[in-house]
There are 2 protein chains.
Amino acid sequence: MINTRVAVAVHILALIASKPHDDLPSDYIAASVNTNPVVIRRLLGMLKKAGLIQTTAGKAGASLTRDPADISLLDVFHAVEPKESLFAIHDNPNPHCPVGKGIQRALDEAFGVAQDALACKLSSESIEDILHQLFDKA
Amino acid sequence: MINTRVAVAVHILALIASKPHDDLPSDYIAASVNTNPVVIRRLLGMLKKAGLIQTTAGKAGASLTRDPADISLLDVFHAVEPKESLFAIHDNPNPHCPVGKGIQRALDEAFGVAQDALACKLSSESIEDILHQLFDKA
DNA sequence: CATAGATGTAACATTTATAGTTACATCTAA
DNA sequence: TTAGATGTAACTATAAATGTTACATCTATG
């Protein structure tokens, strides 16, 4: 199971996007997410490093660097998840066994195909889509 | 990142499929995977519970219950990964915040789409495909 | 310019999942 | 009967995720 960072980061970005004219302190965001403000600031740091938001030390609030429609869930995923492989593969299979020798490459290939499909879908969903889900009455 | 159980389980099944006439003891499989035999037996237990293999207590070896072409990586995934959701979602977002109130449902929806795409690809790859990757010369 | 309130970040604590290990009851087959 | 397996419980070790405390530093304002 993938950690909650992706979910929380989307929550944060949706919150910022939903109040573009307010400066939301990390305490406020933390109250919405229901966690510690430092957890929020850590994630804001990662989102900033990924270029998705802008902040100023000492000054409350964070702002999106681009339109919510142009921030995909894949962007968010990559911002908060450093590992490039979704599936872990065991180390040091026996190189003297025909299966052990080639299994890592075979798994890389097979898992890669699946991961690409996941990434493709994530790249087609945006923060704006999340906002619509949140606020558009069915 | 997803645990190594899926990778190891595929390794195990490929090994069994590659030697259909041998009874491979868990010690042998463990030597190929490079881990402890009990780890292998645990995974064999899960694969058996999922109906992918057959074993007999006290008797060496496990056999596939169906053709390698009919065992998909999605089957393996579900056999060793009990959680139905790939992405974790944080608990107890603030219900008094408009974003907090609806975020879980929105994320469920968004992540579900991506997870379905992943599952689709995994279901289209079989143990037989892995064997081909391992043994067919390019 | 002092100060209240914010960010940025290090350091530590807690919890949980994963993986490895030991031990042993039980079964199979020779 | 006995050697060699499986099945499984129980314990250990390790790592990752999350929560928390503390504090340096910055911003804006009276």
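Source: prediction; values computed, not measured. Chain letters run A, B, ... following the sequence lines, proteins first, then strands; residues in each count from 1.
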D/dT18, OP1 or OP2 - any side-chain N/O from A/Thr35 closer than 4.0 Å?
no
OP1 or OP2 of D/dG7 sitting under 4.0 Å from any side-chain N/O of B/Lys48?
yes
What does A/Lys83 touch in the nucleic acid at a heavy-atom separation under 4.0 angstrom: a base, only the sugar-phosphate, or nothing?
nothing
Please test B/Lys121 against B/Asp116 for salt bridge (Lys or Arg N to Asp or Glu O under 4.0 Å), starting from the C-alpha separation and ending with a verdict.
CA-CA 9 Å; B/Lys121 285 295 179 185; B/Asp116 287 348; over 6 Å; no
In terms of ring plane angle, is the pair A/Phe87 and B/Phe77 parallel, tilted or perpendicular, where the classes change at 30° and 60°?
perpendicular
If you only use heavy atoms from C-beta on, which nucleotide in C/dA10, C/dG8, C/dA6 is closest to the side chain of A/Val38?
C/dA10
Under-4.0 Å side-chain N/O to phosphate OP1/OP2 contact, B/Thr56 with C/dT28:
no
Nearest-Å distance, CG (B/Asp91) to C1' (D/dT18)?
12 Å
Taking only N and O in the side chain of A/Arg5, is any of them less than 4.0 Å away from OP1 or OP2 of D/dA17?
yes
CD1/A/Ile130 to CD/B/Glu109 distance, rounded to the nearest 0.5 angstrom?
9.0 Å
Do the side-chain N or O atoms of A/Lys59 get closer than 4.0 angstrom to the phosphate oxygens (OP1, OP2) of C/dG5?
no
Assign B/Asn36 to base, sugar-phosphate, or nothing according to its heavy-atom contacts below 4.0 angstrom with the strands shown.
base
Which nucleotide in D/dT18, C/dG20, C/dA19 has an atom nearest any side-chain atom of B/Thr4
C/dA19
Mapping A/Ser26 and B/Arg42 onto DNA chain C by nearest heavy atom, which one lands closer to the 5' end?
A/Ser26
B/Lys101 vs B/Pro93 side-chain heavy atoms within contact, under 4.5 Å:
no
Among the nucleotides D/dG7, D/dG19, C/dA10, which one has an atom lying closest to any side-chain atom of A/Val39?
D/dG19
